[in-house]
Amino acid sequence: MAISGETLQERSKGKDVRTSNIVAAKAVANAVRTSLGPRGMDKLMQMPDGEVLISNDGATILSKMNVLHPAAKMLVELSQSQDIEAGDGTTTVVVVAGALLDACSTLLSKGIHPTAIASSFMKAADIATSAMRAMSRPVDLTDRESLIAAVNTCLSSKVVSQNSDILAPIAVDSVLGLLGDDASTAINVDLRDIRMVEQMGGTIDDTELVDGLVFSKGSTKSAGGPSQITGGKIALIQFCLSAPKTDMDNNVVVSDYAAMDRILRDERKYILGQCKKIKKSGANVVLIQKSILRDAYNELSLHFLAKMGILVVTDIERTDVEFICRTLGCTPVAHVDSMAGDKLGTAAHVGDVVMPGSGHKVVKFTGVANPGRTMTVLLRGSNDLVLKEANRSIHDAQCVVRSLVKKRALIAGGGAPEVEASLRLKDAAMGMTGMDSYCMKAFAEALEVVPFTLAENAGMKPIEIVTELRRMHAVEGVKGAGINVVKGVVSDMYDLNVLQPLLVSTSAINLATETCALILKIDDLVVVM
């Protein structure tokens, strides 16, 4: 490090590392930039095992990318944190971060110190988010139409956008169903309480919200047992309905038929005893958990249960047990001797339903007590790709409703909040001096990448559109002016009902700014082997 006069010359390595980090992160941002907005492109990804995935959800695309550069990995993690925090806007957050880093490289080349840029950017982010809060409109969770409008905006950029009239109400009702009566006081909602059951066959239009529970396979019928039960008393058993095994591996050598008969008779007696205890408890529907040690059930036990008029559903996953118990109000039974009436759940009707379009059967439980407040969505789709993408899209849509539960305000979409924040920042920069004013101006220009990209992806002339947007916001004072991609003009988004949660926009700006400041402050790369 050379000292000339009184100033310290910065090492050239710090500059190189910073430039390399910014270039790598911008490359990731450019990769997903084309998939922003309702006219954005989808990405086709081929997994190492040959599986194919089609999506335009930023978090999904980036999580499947094999990113090696450590700074580029930070952008992948950035989109995942946006996914956790708001659930939507995962592409926006990466595009904004890329634009901010682009602005940083210009400012660095002018000789402004990285720490000065980072602190100015953090101040700018505060001004931008307060400008967004000022233009937002409060929303009431009982106003279902506003919620559906926000969800429609989210679904408009997905592969399944043409089905949004079916999926949007399902997403809204499934989240509101979890809140129940205390919708006005809730501050968060756990989306793990919504179970998504995928069923191949039919179309996405056949997707439905089930008030109850659905299992993705039909009931197990081997000996003509019932397939429909009204007034179901449901037992969830975790013990095995088959002959016991010894703990150690051993062989029994039987030399004569009398001994063989005795073994079979005892086995039959043992299983019949178990089935009688189940019947005695009053259960008429039995759910059997999967077992890895021995058969969870055998033909004989199914035969006895069928004779007793009990409907059997087998192969319940261990991970689903808690959800089932909360939905049906039952308690899992670990041993046959503890079977009792108070451990049973109830349902008005349990039965096999044949899925139209595929002939596949599912078991449906309707009229359940649902003390734990859970919801089930039965997803339909013509193939695996569509099903997976529909699942991701509905999850994003549910996250939008969750964002509105966390922060009850809606903001215009179509690039309106970014242009409004950009104008407020330019005004603020005018009243400042020195580097702060310079950095704020750069931050304001970087925010315009969102309307610019939206216009570009929709095949419009981006420079004309962004100029028109600035004019509408600054001169006419239309705070909701955004890009109408359907008609290719600038319109008021509040009139068109193109709305999104305030949390999505504010968290995108805050997270992108933090990541940008983090990358700026790195001046060396140490490889630890």
Side-chain angles (χ1 to χ4, degrees), residues 38 57-60 80-93 132-133 136-161 163-197 204 207-211 323 370 372-379 389-414 417 493-494 496-508:
D57 175 46
T60 309
Q80 281 161 358
S81 15
Q82 172 76 359
D83 202 22
I84 293 163
E85 175 62 26
D88 194 22
T90 48
T91 315
T92 310
V93 74
M132 287 180 178
R133 274 197 291 277
S136 66
R137 297 184 175 184
V139 64
D140 187 10
L141 290 183
T142 52
D143 179 10
R144 189 161 167 266
E145 293 309 309
S146 299
L147 299 185
I148 290 178
V151 169
N152 273 327
T153 308
C154 163
L155 289 174
S156 67
S157 64
K158 306 284 185 235
V159 179
V160 292
S161 56
N163 305 96
S164 60
D165 52 339
I166 301 238
L167 299 182
I170 286 177
V172 171
D173 294 341
S174 62
V175 178
L176 292 181
L178 296 184
L179 296 175
D181 304 329
D182 56 351
S184 50
T185 54
I187 50 166
N188 204 346
V189 57
D190 189 355
L191 294 183
R192 285 173 298 193
D193 291 343
I194 302 175
R195 177 184 160 111
M196 309 291 258
V197 179
I204 293 180
T207 299
E208 56 177 321
L209 182 66
V210 179
D211 182 23
F323 184 90
N370 204 349
R373 283 220 192 104
T374 58
M375 302 301 274
T376 305
V377 176
L378 181 58
L379 269 175
E389 184 58 21
N391 195 340
R392 279 191 291 271
S393 303
I394 287 190
H395 183 265
D396 275 9
Q398 287 162 345
C399 286
V400 165
V401 186
R402 186 186 65 182
S403 301
L404 289 170
V405 173
K406 282 186 186 174
K407 198 181 267 189
R408 295 176 190 202
L410 280 169
I411 196 168
M493 295 286 120
Y494 285 123
L496 291 175
N497 254 352
V498 176
L499 304 166
Q500 62 185 30
L502 173 62
L503 185 69
V504 171
S505 297
T506 52
S507 108

Main-chain N/O of G87 paired to Q82 side chain as donor or acceptor, under 3.5 Å
no
So L191 and C399, do their side chains get closer than 4.5 Å, heavy atoms only?
yes
Side-chain donor-acceptor distances from residues 496-504 under 3.5 Å, at least two apart:
from	atom 1	to	atom 2	distance (Å)
Q500	NE2	S505	OG	2.6

In this structure, OG1 of T60 is separated from CD of Q80 (nearest 0.5 Å) by 9.5 Å
Euclidean distance, N152 CG relative to S164 OG, rounded to 0.5 Å:
4.5 Å
Distance-minimising heavy-atom pair for L141 and L404:
CD2-O, 4.2 Å
Exercise: identify the closest heavy-atom pair between K158 and D396
NZ-OD2, 3.0 Å
Spacing of I204 atom CD1 and L167 atom CG [to the nearest 0.5 Å]:
6.5 Å
Do I194 and M196 come close enough that some side-chain heavy atom pair is under 4.5 Å?
yes
With side chain to side chain contact (heavy atoms under 4.5 Å, CB included) as the test, would you mind laying out the steps for V172 and V400 before giving the verdict?
CA-CA 9 Å; V172 171; V400 165; over 6 Å; no
Looking at residues at least two apart in the chain, or sitting in another chain, which of them share a side chain to side chain donor-acceptor pair (under 3.5 Å) with R408?
none
With a 4.5 Å heavy-atom cut-off, do S403 and D88 have their side chains touching?
no
Rounded to the nearest 0.5 Å, what separates atom CZ in R402 from atom CG in L178?
11.5 Å
Would you say that L155 contacts I394 through its side chain, given a criterion of any heavy-atom pair below 4.5 Å between the two side chains?
no
Correct closest heavy-atom pair for V93 and A508 would be CG2-O, 3.4 Å
Please determine whether side chain to side chain contact (heavy atoms under 4.5 Å, CB included) holds for the pair V189 and L179, giving the CA-CA distance in whole Å, both sets of side-chain angles, and the decisive distance to 0.1 Å.
CA-CA 7 Å; V189 57; L179 296 175; 4.2 Å; yes
With sequence neighbours excluded, tell me which residues meet side chain to side chain donor-acceptor pair (under 3.5 Å) with T90.
D57
T185: what forms a side chain to side chain donor-acceptor pair (under 3.5 Å) with it, not counting sequence neighbours?
none
Tell me the salt bridge (Lys or Arg N to Asp or Glu O under 4.0 Å) pairs involving residues 186-196, sequence neighbours left out?
D190-R192, D193-R326, R195-D320
Residues V139 and S146: closest non-hydrogen pair is CG2-CB, 3.9 Å
If a pair satisfies side chain to side chain donor-acceptor pair (under 3.5 Å) and one of its residues is in residues 165-179, list it, with sequence neighbours excluded.
R144-D173, S174-Q398
Does any part of the side chain of L176, heavy atoms only, come nearer than 4.5 Å to the side chain of L147, both counted from C-beta?
yes
CD-CG distance between E389 and L379, expressed to the nearest 0.5 angstrom:
11.5 Å
Stepwise side chain to side chain contact (heavy atoms under 4.5 Å, CB included) test for K406 and E85
CA-CA 10 Å; K406 282 186 186 174; E85 175 62 26; 4.3 Å; yes
